[in-house]
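Input: a single structure, listed below in structure tokens.
Source: prediction; values computed, not measured. The analysis underlying the following values was restricted to heavy atoms, covering all of them including side chains, and did not include hydrogens, waters or symmetry mates.
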Amino acid sequence: STAELAGIGYKLAIYPSATGLAAAAAADPMLLQLQSKGTSNGEVPLFPFADFNHLIGFDEVWDFERRWARPTE
């Protein structure tokens with residue numbers, strides 16, 4: 001914990017694997033569901049797709065495309 005690290009003299013700590021471990025913990029039940037039921041629809045909660053697109057920056061990608069993409073013929 002940050003308190004324990006501060007107690008032994010650390011002023012800064014990084015947790016580079018924390019998000020990866022959290023992602024793996026979330027992925028495991030989904031992969032088991034896919035294996036057993038053959039679908040991602042079911043008991044395992046999913047992040048809303050529109051929110052995910054926003055989170056990873058697709059809003060900016062789509063704005064860029066609207067400004068710069070040439071229409072196809």
Side-chain angles (χ1 to χ4, degrees):
S1 72
T2 54
E4 289 173 312
L5 292 171
I8 59 173
Y10 284 89
K11 302 244 183 245
L12 174 71
I14 60 171
Y15 300 88
S17 62
T19 56
L21 294 171
D28 190 52
M30 172 53 66
L31 294 172
L32 291 170
Q33 177 178 292
L34 281 169
Q35 181 182 41
S36 66
K37 298 185 178 178
T39 181
S40 61
N41 294 325
E43 302 154 11
V44 179
L46 296 175
F47 201 77
F49 191 66
D51 294 348
F52 178 74
N53 287 335
H54 178 72
L55 177 71
I56 64 173
F58 268 24
D59 297 329
E60 291 83 7
V61 171
W62 294 324
D63 286 343
F64 179 87
E65 286 178 343
R66 279 190 288 277
R67 275 195 311 272
W68 298 102
R70 294 177 191 213
T72 58
E73 300 175 284

Who else is in the cluster with L21 when I, L, V, M, F, W and Y are joined by side-chain contacts under 4.5 Å?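 Members other than L21 - counting any ILVMFWY side chain reachable under 4.5 Å - there are none.
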
Hydrophobic clusters join Ile, Leu, Val, Met, Phe, Trp and Tyr when side-chain heavy atoms are under 4.5 Å apart, directly or via other members; which others share one with L46?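 Via sub-4.5 Å side-chain contacts, L46 links to M30, L31, L34, V44.
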
Can you sort out the partners of [X] under side chain to side chain donor-acceptor pair (under 3.5 Å), two or more places apart, ordered by chain and number?
X: S17; value: none
X: E43; value: K37
X: E65; value: none
X: R70; value: none

Holding to salt bridge (Lys or Arg N to Asp or Glu O under 4.0 Å), I want the full list of residues that pass it with R67, two or more places apart in sequence or in another chain. none

Could you name each residue pair satisfying side chain to side chain donor-acceptor pair (under 3.5 Å) that touches residues 46-58, not counting sequence neighbours?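 For residues 46-58, and leaving out neighbouring residues, the side chain to side chain donor-acceptor pair (under 3.5 Å) pairs sorted by first residue read H54-D59.
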
Residue list, side chain to side chain contact (heavy atoms under 4.5 Å, CB included) with L12, at least two apart or on another chain: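 Scan of L12 (side chain to side chain contact (heavy atoms under 4.5 Å, CB included), adjacent residues dropped) gives none.
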
Only counting residues at least two apart or in another chain, list the ones meeting side chain to side chain contact (heavy atoms under 4.5 Å, CB included) with Y15. T2, L5, A13, A18

Which residue pairs pass the salt bridge (Lys or Arg N to Asp or Glu O under 4.0 Å) test when at least one of the two sits in residues 7-16, sequence neighbours left out?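 Qualifying pairs: none.
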
Pairs touching residues 18-29 that satisfy salt bridge (Lys or Arg N to Asp or Glu O under 4.0 Å), sequence neighbours left out: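 Not a single pair qualifies under salt bridge (Lys or Arg N to Asp or Glu O under 4.0 Å).
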
